[in-house]
Visitor: 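This is the structure I want to talk about, given as C-alpha coordinates.
Every chain is numbered from 1, with letters handed out A, B, ... down the list of sequences. Only heavy atoms go into these numbers, but all of them, side chains included; no hydrogens, no water, no symmetry mates.
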Protein chains: 2
Amino acid sequence: MAFMTENPPKKPSKSDRTRAQILEAARLLFAEHGYEGTSIRDVAAHASIDPAMVIRYFRSKDELFARAAVVDLKLPALRVIDRNAIGETLIRRFLEIWEGPASGPGMAILLRSATSNEFAAEKLRDVFGNQVRPVIAAAADPADAGRRAGLVSSQLLGLAMCRYLLRLPPVVALSHDEIIQNVGPTLQRYAVGEA
Amino acid sequence: MAFMTENPPKKPSKSDRTRAQILEAARLLFAEHGYEGTSIRDVAAHASIDPAMVIRYFRSKDELFARAAVVDLKLPALRVIDRNAIGETLIRRFLEIWEGPASGPGMAILLRSATSNEFAAEKLRDVFGNQVRPVIAAAADPADAGRRAGLVSSQLLGLAMCRYLLRLPPVVALSHDEIIQNVGPTLQRYAVGEA
DNA sequence: TGCATTTGTCAACGACCGTTGGCATATGGC
DNA sequence: GCCATATGCCAACGGTCGTTGACAAATGCA
(Lines give C-alpha, C1' and ligand atoms only; values in the text may rest on other atoms or scores of the structure.)
Protein backbone atom coordinates (compact mmCIF):
# COMPACT_ATOMS: atom_id res chain seq x y z
CA MET A 1 0.00 0.00 0.00
CA ALA A 2 1.34 3.35 -0.99
CA PHE A 3 -0.30 5.90 1.18
CA MET A 4 1.09 7.47 4.33
CA THR A 5 -1.79 9.80 5.05
CA GLU A 6 -0.55 11.04 8.40
CA ASN A 7 2.33 13.47 8.83
CA PRO A 8 5.66 11.87 7.99
CA PRO A 9 7.49 14.93 9.26
CA LYS A 10 9.87 15.56 6.36
CA LYS A 11 8.87 14.75 2.83
CA PRO A 12 8.07 17.48 0.37
CA SER A 13 8.37 14.68 -2.14
CA LYS A 14 7.41 15.08 -5.75
CA SER A 15 4.00 13.59 -5.23
CA ASP A 16 3.01 16.05 -2.52
CA ARG A 17 3.24 18.84 -5.03
CA THR A 18 0.91 17.27 -7.57
CA ARG A 19 -1.35 16.19 -4.76
CA ALA A 20 -1.59 19.83 -3.72
CA GLN A 21 -2.11 20.95 -7.31
CA ILE A 22 -4.99 18.54 -7.72
CA LEU A 23 -6.58 19.69 -4.48
CA GLU A 24 -6.20 23.34 -5.41
CA ALA A 25 -7.76 22.78 -8.84
CA ALA A 26 -10.56 20.82 -7.23
CA ARG A 27 -11.28 23.56 -4.68
CA LEU A 28 -11.39 26.16 -7.44
CA LEU A 29 -13.72 24.19 -9.68
CA PHE A 30 -15.97 22.87 -6.92
CA ALA A 31 -16.38 26.44 -5.66
CA GLU A 32 -17.26 27.76 -9.09
CA HIS A 33 -19.36 24.96 -10.63
CA GLY A 34 -20.45 22.75 -7.75
CA TYR A 35 -20.07 19.03 -7.18
CA GLU A 36 -22.08 17.75 -10.11
CA GLY A 37 -20.85 20.45 -12.44
CA THR A 38 -17.22 19.50 -11.88
CA SER A 39 -15.87 16.30 -13.43
CA ILE A 40 -12.74 14.45 -12.47
CA ARG A 41 -11.55 15.10 -15.99
CA ASP A 42 -12.02 18.85 -15.49
CA VAL A 43 -9.95 18.77 -12.32
CA ALA A 44 -7.26 16.74 -14.04
CA ALA A 45 -7.12 19.15 -16.97
CA HIS A 46 -6.81 22.13 -14.62
CA ALA A 47 -3.96 20.40 -12.80
CA SER A 48 -2.32 19.41 -16.11
CA ILE A 49 -2.43 15.76 -15.24
CA ASP A 50 -4.15 12.53 -16.19
CA PRO A 51 -7.62 11.84 -14.76
CA ALA A 52 -6.41 8.51 -13.44
CA MET A 53 -3.96 10.32 -11.16
CA VAL A 54 -6.80 12.16 -9.45
CA ILE A 55 -8.27 8.83 -8.47
CA ARG A 56 -4.89 7.46 -7.40
CA TYR A 57 -4.21 10.38 -5.05
CA PHE A 58 -7.73 10.68 -3.71
CA ARG A 59 -9.58 7.43 -3.85
CA SER A 60 -12.81 8.69 -5.39
CA LYS A 61 -14.59 11.86 -6.39
CA ASP A 62 -16.53 11.82 -3.13
CA GLU A 63 -13.32 11.63 -1.12
CA LEU A 64 -11.76 14.42 -3.17
CA PHE A 65 -14.80 16.58 -2.48
CA ALA A 66 -14.62 15.77 1.21
CA ARG A 67 -10.95 16.83 1.30
CA ALA A 68 -11.75 20.02 -0.62
CA ALA A 69 -14.74 21.00 1.50
CA VAL A 70 -13.05 21.60 4.83
CA VAL A 71 -14.08 24.83 6.53
CA ASP A 72 -12.75 26.59 9.59
CA LEU A 73 -14.48 29.92 10.12
CA LYS A 74 -11.95 30.90 12.83
CA LEU A 75 -14.60 32.90 14.67
CA PRO A 76 -13.27 35.02 17.54
CA ALA A 77 -12.86 33.16 20.81
CA LEU A 78 -15.98 33.11 22.91
CA ARG A 79 -14.98 35.54 25.66
CA VAL A 80 -13.08 38.01 23.51
CA ILE A 81 -16.20 39.36 21.89
CA ASP A 82 -17.87 42.48 23.18
CA ARG A 83 -21.53 41.65 23.62
CA ASN A 84 -22.55 45.05 22.35
CA ALA A 85 -20.52 44.68 19.16
CA ILE A 86 -21.20 41.05 18.31
CA GLY A 87 -23.23 42.02 15.23
CA GLU A 88 -20.45 44.14 13.80
CA THR A 89 -17.85 41.54 14.76
CA LEU A 90 -19.75 38.80 12.94
CA ILE A 91 -20.32 40.74 9.74
CA ARG A 92 -16.69 41.89 9.63
CA ARG A 93 -15.49 38.33 10.01
CA PHE A 94 -17.98 37.30 7.33
CA LEU A 95 -16.42 39.71 4.85
CA GLU A 96 -12.93 38.47 5.69
CA ILE A 97 -13.98 34.87 5.18
CA TRP A 98 -15.53 35.55 1.79
CA GLU A 99 -13.25 38.25 0.43
CA GLY A 100 -10.08 38.20 2.50
CA PRO A 101 -6.89 36.81 0.99
CA ALA A 102 -6.22 34.29 3.72
CA SER A 103 -9.42 32.29 3.68
CA GLY A 104 -9.92 29.71 0.97
CA PRO A 105 -13.08 29.00 -0.99
CA GLY A 106 -14.29 26.45 1.55
CA MET A 107 -17.62 28.09 2.23
CA ALA A 108 -18.27 28.65 -1.46
CA ILE A 109 -17.64 24.97 -2.09
CA LEU A 110 -20.18 23.94 0.53
CA LEU A 111 -22.82 26.51 -0.31
CA ARG A 112 -22.56 25.93 -4.05
CA SER A 113 -23.37 22.24 -3.72
CA ALA A 114 -25.52 22.19 -0.58
CA THR A 115 -28.79 22.48 -2.50
CA SER A 116 -28.26 19.34 -4.57
CA ASN A 117 -25.72 17.29 -2.64
CA GLU A 118 -26.69 15.83 0.71
CA PHE A 119 -23.11 15.46 1.92
CA ALA A 120 -22.43 19.15 1.35
CA ALA A 121 -25.72 20.03 3.03
CA GLU A 122 -24.88 17.96 6.09
CA LYS A 123 -21.39 19.46 6.22
CA LEU A 124 -22.87 22.95 6.07
CA ARG A 125 -25.31 22.16 8.87
CA ASP A 126 -22.31 20.97 10.87
CA VAL A 127 -20.49 24.26 10.33
CA PHE A 128 -23.37 26.30 11.67
CA GLY A 129 -24.01 23.85 14.48
CA ASN A 130 -20.41 23.53 15.64
CA GLN A 131 -18.93 26.90 14.76
CA VAL A 132 -21.70 29.52 14.67
CA ARG A 133 -24.04 28.26 17.35
CA PRO A 134 -21.41 28.13 20.13
CA VAL A 135 -20.49 31.77 19.57
CA ILE A 136 -24.11 32.84 19.89
CA ALA A 137 -24.63 30.55 22.86
CA ALA A 138 -21.74 32.24 24.68
CA ALA A 139 -23.16 35.70 24.08
CA ALA A 140 -26.81 35.18 24.99
CA ASP A 141 -29.12 32.84 26.89
CA PRO A 142 -27.98 29.39 25.73
CA ALA A 143 -31.57 28.21 25.95
CA ASP A 144 -32.61 29.90 22.72
CA ALA A 145 -29.14 29.93 21.16
CA GLY A 146 -30.46 27.66 18.43
CA ARG A 147 -33.17 30.10 17.41
CA ARG A 148 -30.77 33.06 17.48
CA ALA A 149 -28.01 31.22 15.62
CA GLY A 150 -30.54 30.10 13.03
CA LEU A 151 -31.65 33.66 12.38
CA VAL A 152 -28.05 34.86 12.16
CA SER A 153 -27.26 32.04 9.76
CA SER A 154 -30.23 32.83 7.56
CA GLN A 155 -29.06 36.42 7.10
CA LEU A 156 -25.40 35.55 6.52
CA LEU A 157 -26.14 32.65 4.25
CA GLY A 158 -28.57 34.75 2.23
CA LEU A 159 -26.04 37.55 1.88
CA ALA A 160 -23.43 35.06 0.68
CA MET A 161 -25.87 33.55 -1.80
CA CYS A 162 -26.86 36.92 -3.28
CA ARG A 163 -23.38 38.48 -3.33
CA TYR A 164 -21.02 35.61 -4.20
CA LEU A 165 -23.01 32.82 -5.84
CA LEU A 166 -26.10 34.36 -7.44
CA ARG A 167 -24.23 37.64 -7.95
CA LEU A 168 -27.33 39.81 -7.66
CA PRO A 169 -26.06 43.13 -9.04
CA PRO A 170 -27.29 45.51 -6.30
CA VAL A 171 -25.90 43.20 -3.62
CA VAL A 172 -22.57 42.89 -5.42
CA ALA A 173 -22.45 46.69 -5.59
CA LEU A 174 -22.71 47.12 -1.81
CA SER A 175 -19.56 48.47 -0.20
CA HIS A 176 -18.11 46.89 2.91
CA ASP A 177 -19.24 49.87 4.95
CA GLU A 178 -22.78 49.63 3.63
CA ILE A 179 -22.90 45.96 4.49
CA ILE A 180 -21.55 46.54 7.98
CA GLN A 181 -23.92 49.40 8.68
CA ASN A 182 -27.01 47.61 7.35
CA VAL A 183 -26.49 43.97 8.25
CA GLY A 184 -24.54 44.52 11.48
CA PRO A 185 -27.57 45.79 13.45
CA THR A 186 -29.67 42.91 12.15
CA LEU A 187 -27.18 40.36 13.43
CA GLN A 188 -26.88 42.27 16.70
CA ARG A 189 -30.63 42.03 17.27
CA TYR A 190 -30.79 38.38 16.25
CA ALA A 191 -27.87 37.45 18.52
CA VAL A 192 -28.62 39.34 21.72
CA GLY A 193 -31.67 41.53 21.05
CA GLU A 194 -34.92 41.50 23.05
CA ALA A 195 -36.54 38.07 23.12
CA MET B 1 -45.77 19.71 -37.34
CA ALA B 2 -47.84 18.62 -34.41
CA PHE B 3 -47.70 21.42 -31.91
CA MET B 4 -50.31 24.10 -31.34
CA THR B 5 -48.64 25.81 -28.44
CA GLU B 6 -51.07 28.70 -28.15
CA ASN B 7 -54.59 28.42 -26.76
CA PRO B 8 -56.92 26.49 -29.06
CA PRO B 9 -59.92 27.49 -26.98
CA LYS B 10 -61.54 24.09 -26.40
CA LYS B 11 -59.46 20.94 -26.21
CA PRO B 12 -59.01 19.11 -22.97
CA SER B 13 -57.79 16.35 -25.23
CA LYS B 14 -56.10 13.25 -23.94
CA SER B 15 -52.66 14.64 -24.48
CA ASP B 16 -53.23 17.71 -22.34
CA ARG B 17 -53.64 15.49 -19.32
CA THR B 18 -50.35 13.63 -19.77
CA ARG B 19 -48.69 16.89 -20.63
CA ALA B 20 -49.86 18.24 -17.29
CA GLN B 21 -48.80 15.07 -15.50
CA ILE B 22 -45.31 15.35 -16.93
CA LEU B 23 -45.07 19.00 -15.94
CA GLU B 24 -46.29 18.28 -12.43
CA ALA B 25 -43.79 15.45 -11.98
CA ALA B 26 -41.04 17.67 -13.34
CA ARG B 27 -41.88 20.51 -10.96
CA LEU B 28 -41.86 18.11 -8.03
CA LEU B 29 -38.54 16.54 -8.91
CA PHE B 30 -36.79 19.74 -9.99
CA ALA B 31 -37.85 21.33 -6.70
CA GLU B 32 -36.54 18.44 -4.66
CA HIS B 33 -33.37 17.39 -6.49
CA GLY B 34 -32.47 20.30 -8.77
CA TYR B 35 -31.81 20.43 -12.49
CA GLU B 36 -28.80 18.16 -12.68
CA GLY B 37 -30.15 15.77 -10.07
CA THR B 38 -33.32 15.14 -12.05
CA SER B 39 -33.16 13.00 -15.18
CA ILE B 40 -35.71 12.83 -17.95
CA ARG B 41 -36.07 9.17 -17.07
CA ASP B 42 -36.92 10.09 -13.47
CA VAL B 43 -39.62 12.48 -14.64
CA ALA B 44 -41.02 9.88 -17.01
CA ALA B 45 -41.11 7.23 -14.28
CA HIS B 46 -42.92 9.60 -11.93
CA ALA B 47 -45.48 10.34 -14.64
CA SER B 48 -45.81 6.62 -15.49
CA ILE B 49 -44.83 7.20 -19.06
CA ASP B 50 -42.03 6.56 -21.51
CA PRO B 51 -39.01 8.91 -21.44
CA ALA B 52 -39.43 9.56 -25.14
CA MET B 53 -42.81 11.15 -24.47
CA VAL B 54 -41.24 13.76 -22.23
CA ILE B 55 -39.11 14.87 -25.16
CA ARG B 56 -42.06 14.77 -27.55
CA TYR B 57 -44.21 17.03 -25.37
CA PHE B 58 -41.43 19.38 -24.32
CA ARG B 59 -38.70 19.53 -26.87
CA SER B 60 -35.74 19.13 -24.55
CA LYS B 61 -34.82 18.97 -20.88
CA ASP B 62 -33.92 22.66 -20.93
CA GLU B 63 -37.32 23.58 -22.32
CA LEU B 64 -39.06 21.38 -19.75
CA PHE B 65 -37.14 23.12 -17.00
CA ALA B 66 -38.03 26.52 -18.41
CA ARG B 67 -41.73 25.58 -18.43
CA ALA B 68 -41.46 24.25 -14.87
CA ALA B 69 -39.59 27.23 -13.48
CA VAL B 70 -42.21 29.93 -13.87
CA VAL B 71 -42.71 32.11 -10.82
CA ASP B 72 -45.28 34.75 -9.97
CA LEU B 73 -44.83 36.02 -6.44
CA LYS B 74 -48.16 37.90 -6.62
CA LEU B 75 -46.84 40.60 -4.31
CA PRO B 76 -49.45 43.09 -3.13
CA ALA B 77 -50.14 45.93 -5.54
CA LEU B 78 -47.83 48.87 -5.12
CA ARG B 79 -50.20 51.38 -3.49
CA VAL B 80 -52.14 48.95 -1.31
CA ILE B 81 -49.25 48.44 1.07
CA ASP B 82 -49.01 50.43 4.28
CA ARG B 83 -45.52 51.91 4.39
CA ASN B 84 -45.29 51.24 8.11
CA ALA B 85 -46.19 47.58 7.73
CA ILE B 86 -44.25 46.70 4.61
CA GLY B 87 -41.85 44.46 6.57
CA GLU B 88 -44.66 42.42 8.06
CA THR B 89 -46.50 42.35 4.75
CA LEU B 90 -43.47 40.98 2.96
CA ILE B 91 -42.67 38.25 5.46
CA ARG B 92 -46.31 37.13 5.61
CA ARG B 93 -46.45 36.87 1.84
CA PHE B 94 -43.14 34.99 1.95
CA LEU B 95 -44.63 32.34 4.23
CA GLU B 96 -47.67 31.99 1.99
CA ILE B 97 -45.47 31.56 -1.07
CA TRP B 98 -43.36 28.84 0.51
CA GLU B 99 -45.90 27.08 2.71
CA GLY B 100 -49.33 28.11 1.49
CA PRO B 101 -51.43 25.58 -0.45
CA ALA B 102 -52.02 27.77 -3.47
CA SER B 103 -48.46 28.57 -4.51
CA GLY B 104 -46.52 25.95 -6.41
CA PRO B 105 -42.89 24.99 -5.91
CA GLY B 106 -41.68 27.57 -8.42
CA MET B 107 -39.30 29.34 -6.07
CA ALA B 108 -37.91 26.07 -4.76
CA ILE B 109 -37.19 24.99 -8.33
CA LEU B 110 -35.26 28.16 -9.05
CA LEU B 111 -33.40 28.37 -5.76
CA ARG B 112 -32.46 24.70 -5.77
CA SER B 113 -30.69 24.96 -9.11
CA ALA B 114 -29.54 28.58 -9.10
CA THR B 115 -26.13 27.76 -7.63
CA SER B 116 -25.11 25.41 -10.42
CA ASN B 117 -27.32 26.33 -13.38
CA GLU B 118 -26.89 29.69 -15.03
CA PHE B 119 -30.38 29.72 -16.55
CA ALA B 120 -31.96 29.27 -13.12
CA ALA B 121 -29.66 31.93 -11.68
CA GLU B 122 -30.64 34.43 -14.37
CA LYS B 123 -34.30 33.61 -13.91
CA LEU B 124 -33.98 34.18 -10.17
CA ARG B 125 -32.25 37.52 -10.74
CA ASP B 126 -35.17 38.42 -12.98
CA VAL B 127 -37.68 37.61 -10.25
CA PHE B 128 -36.01 39.91 -7.77
CA GLY B 129 -35.43 42.60 -10.39
CA ASN B 130 -38.94 42.57 -11.83
CA GLN B 131 -41.09 41.56 -8.88
CA VAL B 132 -39.32 42.50 -5.63
CA ARG B 133 -37.51 45.66 -6.65
CA PRO B 134 -40.63 47.49 -7.92
CA VAL B 135 -42.43 46.96 -4.61
CA ILE B 136 -39.53 48.44 -2.68
CA ALA B 137 -39.15 51.24 -5.19
CA ALA B 138 -42.78 52.23 -4.64
CA ALA B 139 -42.35 52.37 -0.88
CA ALA B 140 -39.08 54.29 -0.56
CA ASP B 141 -36.80 56.61 -2.48
CA PRO B 142 -36.48 54.88 -5.87
CA ALA B 143 -32.89 56.10 -6.08
CA ASP B 144 -31.61 53.47 -3.68
CA ALA B 145 -34.38 50.95 -4.31
CA GLY B 146 -31.75 48.57 -5.68
CA ARG B 147 -29.74 48.60 -2.48
CA ARG B 148 -32.84 48.18 -0.31
CA ALA B 149 -34.34 45.44 -2.49
CA GLY B 150 -30.99 43.66 -2.46
CA LEU B 151 -30.86 43.65 1.33
CA VAL B 152 -34.47 42.45 1.53
CA SER B 153 -33.70 39.71 -0.96
CA SER B 154 -30.63 38.57 0.94
CA GLN B 155 -32.65 38.06 4.10
CA LEU B 156 -35.59 36.35 2.40
CA LEU B 157 -33.44 34.17 0.21
CA GLY B 158 -31.31 33.14 3.17
CA LEU B 159 -34.36 32.27 5.21
CA ALA B 160 -35.69 30.15 2.36
CA MET B 161 -32.34 28.41 1.97
CA CYS B 162 -32.06 27.56 5.67
CA ARG B 163 -35.68 26.59 6.24
CA TYR B 164 -36.75 24.83 3.04
CA LEU B 165 -33.66 23.64 1.19
CA LEU B 166 -30.87 23.18 3.72
CA ARG B 167 -33.43 22.40 6.41
CA LEU B 168 -31.33 23.76 9.25
CA PRO B 169 -33.12 22.32 12.30
CA PRO B 170 -33.44 25.48 14.44
CA VAL B 171 -34.74 27.42 11.43
CA VAL B 172 -37.20 24.69 10.54
CA ALA B 173 -38.42 24.78 14.14
CA LEU B 174 -39.31 28.48 14.02
CA SER B 175 -43.04 29.17 14.20
CA HIS B 176 -44.72 31.56 11.82
CA ASP B 177 -45.12 34.07 14.63
CA GLU B 178 -41.47 33.88 15.56
CA ILE B 179 -40.48 34.45 11.96
CA ILE B 180 -42.83 37.39 11.59
CA GLN B 181 -41.70 38.99 14.83
CA ASN B 182 -37.99 38.53 14.14
CA VAL B 183 -37.60 38.95 10.40
CA GLY B 184 -40.42 41.47 9.89
CA PRO B 185 -38.54 44.36 11.59
CA THR B 186 -35.40 43.53 9.61
CA LEU B 187 -37.26 43.81 6.32
CA GLN B 188 -38.99 46.97 7.54
CA ARG B 189 -35.63 48.62 8.21
CA TYR B 190 -34.11 47.42 4.95
CA ALA B 191 -37.10 48.62 2.93
CA VAL B 192 -37.84 52.04 4.40
CA GLY B 193 -35.51 52.51 7.39
CA GLU B 194 -33.08 55.36 7.93
CA ALA B 195 -30.59 55.70 5.09
C1' DT C 1 -65.95 -0.36 -41.40
C1' DG C 2 -61.88 2.04 -43.16
C1' DC C 3 -58.29 5.29 -42.45
C1' DA C 4 -55.56 9.21 -40.88
C1' DT C 5 -53.99 11.19 -36.79
C1' DT C 6 -52.81 10.97 -32.24
C1' DT C 7 -50.75 8.69 -28.38
C1' DG C 8 -47.54 5.52 -26.67
C1' DT C 9 -43.58 1.80 -26.48
C1' DC C 10 -39.11 0.07 -27.62
C1' DA C 11 -34.36 -0.16 -28.83
C1' DA C 12 -30.58 2.19 -29.86
C1' DC C 13 -27.28 6.18 -30.81
C1' DG C 14 -23.40 8.96 -29.27
C1' DA C 15 -21.55 11.45 -25.47
C1' DC C 16 -19.85 11.95 -20.98
C1' DC C 17 -19.06 10.08 -16.53
C1' DG C 18 -16.25 7.68 -12.50
C1' DT C 19 -13.17 4.22 -12.18
C1' DT C 20 -9.74 0.45 -13.26
C1' DG C 21 -5.63 -2.09 -14.75
C1' DG C 22 -1.68 -2.36 -17.56
C1' DC C 23 2.29 -0.34 -19.14
C1' DA C 24 5.92 3.30 -19.83
C1' DT C 25 9.07 6.45 -17.62
C1' DA C 26 11.49 8.82 -13.99
C1' DT C 27 13.57 8.71 -9.44
C1' DG C 28 16.63 7.67 -5.87
C1' DG C 29 19.15 4.38 -2.71
C1' DC C 30 22.75 0.54 -3.20
C1' DG D 1 25.17 0.95 -13.32
C1' DC D 2 21.04 -1.84 -11.06
C1' DC D 3 16.86 -2.17 -9.50
C1' DA D 4 12.81 -1.33 -6.61
C1' DT D 5 9.68 2.14 -6.23
C1' DA D 6 7.21 6.15 -7.26
C1' DT D 7 5.04 8.74 -10.67
C1' DG D 8 2.50 9.26 -14.88
C1' DC D 9 -0.04 8.13 -19.35
C1' DC D 10 -3.25 5.42 -22.07
C1' DA D 11 -7.10 2.64 -23.33
C1' DA D 12 -10.97 0.67 -21.89
C1' DC D 13 -14.88 -0.97 -18.77
C1' DG D 14 -19.70 -0.38 -17.41
C1' DG D 15 -23.12 2.91 -16.47
C1' DT D 16 -26.21 6.94 -17.05
C1' DC D 17 -27.54 10.60 -19.68
C1' DG D 18 -30.39 13.33 -23.42
C1' DT D 19 -32.21 12.42 -27.60
C1' DT D 20 -33.88 10.05 -31.90
C1' DG D 21 -36.37 7.18 -35.18
C1' DA D 22 -39.06 3.19 -36.22
C1' DC D 23 -42.93 0.82 -35.05
C1' DA D 24 -47.42 -0.54 -32.37
C1' DA D 25 -51.88 0.64 -30.29
C1' DA D 26 -55.60 3.67 -29.63
C1' DT D 27 -58.62 7.24 -31.12
C1' DG D 28 -61.95 9.66 -33.75
C1' DC D 29 -63.83 11.20 -38.03
C1' DA D 30 -65.67 9.68 -42.92
Side-chain angles (χ1 to χ4, degrees), chain A residues 1-6 8 10-26 29-30 32-69 113 116-120, chain B residues 1-6 8 10-26 29-30 32-69 113 116-120:
Chain A
M1 328 193 170
F3 58 98
M4 52 208 75
T5 47
E6 289 317 320
K10 320 161 206 309
K11 263 209 176 177
S13 61
K14 183 74 180 316
S15 75
D16 294 358
R17 280 196 58 87
T18 49
R19 186 183 192 86
Q21 286 179 22
I22 295 172
L23 192 60
E24 189 190 348
L29 293 176
F30 280 142
E32 198 64 22
H33 304 109
Y35 177 84
E36 323 217 52
T38 302
S39 71
I40 294 259
R41 286 169 168 87
D42 289 340
V43 174
H46 244 72
S48 306
I49 210 137
D50 191 88
M53 299 300 298
V54 179
I55 296 292
R56 258 241 272 263
Y57 279 81
F58 308 82
R59 298 166 44 91
S60 70
K61 185 184 180 183
D62 286 354
E63 203 157 317
L64 173 61
F65 184 80
R67 296 278 180 185
S113 298
S116 59
N117 181 284
E118 187 52 31
F119 174 83
Chain B
M1 332 193 165
F3 56 98
M4 52 209 74
T5 45
E6 289 317 320
K10 321 163 206 309
K11 263 208 177 179
S13 61
K14 182 74 181 314
S15 74
D16 294 358
R17 280 198 57 88
T18 50
R19 185 184 193 86
Q21 287 178 22
I22 294 172
L23 192 60
E24 189 190 347
L29 293 176
F30 282 142
E32 197 66 21
H33 305 108
Y35 178 84
E36 323 217 52
T38 302
S39 72
I40 294 258
R41 286 169 168 86
D42 290 341
V43 174
H46 244 75
S48 306
I49 211 137
D50 191 90
M53 297 300 297
V54 178
I55 296 291
R56 257 241 273 263
Y57 279 82
F58 309 81
R59 297 166 46 91
S60 69
K61 186 185 180 182
D62 286 354
E63 204 156 316
L64 174 61
F65 184 79
R67 296 279 180 183
S113 297
S116 58
N117 181 282
E118 188 51 32
F119 174 82

Visitor: Between D:dT7 and A:T18, is there an OP1 or OP2 to side-chain N/O distance shorter than 4.0 Å?
Guide: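 It does not, given that no N or O in the side chain of A:T18 lies less than 4.0 Å from OP1 or OP2 of D:dT7.
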
Visitor: Send over the distance from A:D16 CG to D:dA6 P, rounded to a whole Å.
Guide: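 So the CG-P distance, A:D16 to D:dA6, works out to 13 Å.
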
Visitor: For residues B:F30 and B:K61, report the shortest heavy-atom separation together with the two atoms involved.
Guide: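 So the minimum-distance heavy-atom pair works out to CE2-CE, 4.3 Å.
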
Visitor: Ignoring hydrogens, what is the shortest heavy-atom contact between A:R67 and A:F58? Give both atom names and the distance.
Guide: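 For A:R67 and A:F58, the tightest heavy-atom pair comes out as CG-CD2, 3.9 Å.
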
Visitor: If I take atom CE in residue A:M53 and atom P in nucleotide D:dT7, what distance separates them, rounded to the nearest angstrom?
Guide: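 Rounded to the whole Å, the gap is 8 Å.
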
Visitor: Within this structure, what is the CG-CG distance for the pair B:N117 and B:D62, rounded to the nearest 0.5 Å?
Guide: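 So the gap between those two atoms works out to 7.5 Å.
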
Visitor: Describe the nucleic acid contact of A:Y57 in one word from base, sugar-phosphate, nothing, applying a heavy-atom distance below 4.0 Å.
Guide: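 Counting heavy atoms under 4.0 Å across all strands, the contact made by A:Y57 is with sugar-phosphate only.
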
Visitor: Mind checking whether B:M53 and B:T18 have side chains closer than 4.5 Å, heavy atoms only?
Guide: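 They are not in side-chain contact.
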
Visitor: Can you tell me how far C1' of C:dT9 sits from CD1 of B:I22, to the nearest Å?
Guide: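 Distance check: B:I22 CD1 to C:dT9 C1' gives 14 Å.
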
Visitor: Figure out the CD1/C1' separation between A:I49 and D:dC10, and round it to whole Å.
Guide: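 Interatomic distance, CD1 of A:I49 to C1' of D:dC10: 14 Å.
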
Visitor: Considering only nitrogen or oxygen atoms on both sides, find all protein atoms under 3.5 Å from nucleotides 15-21 of chain D and state each distance.
Guide:
| residue | atom | partner | partner atom | Å |
| --- | --- | --- | --- | --- |
| D:dG18 | OP1 | B:I40 | N | 3.4 |
| D:dG18 | OP1 | B:K61 | NZ | 2.9 |
| D:dG18 | OP2 | B:I40 | N | 2.9 |
| D:dG18 | N7 | B:R41 | NH1 | 2.6 |
| D:dG18 | O6 | B:R41 | NH2 | 3.0 |
| D:dT19 | OP2 | B:K61 | N | 2.8 |

Visitor: Using a 4.5 Å cut-off on heavy atoms from C-beta on, say whether the side chain of B:L23 contacts that of B:L64.
Guide: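 Result yes, sub-4.5 Å side-chain heavy-atom pair found.
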
Visitor: Looking at side-chain heavy atoms only, is the closest gap between A:S116 and B:E36 below 4.5 Å?
Guide: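 No. Closest side-chain heavy atoms not under 4.5 Å.
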
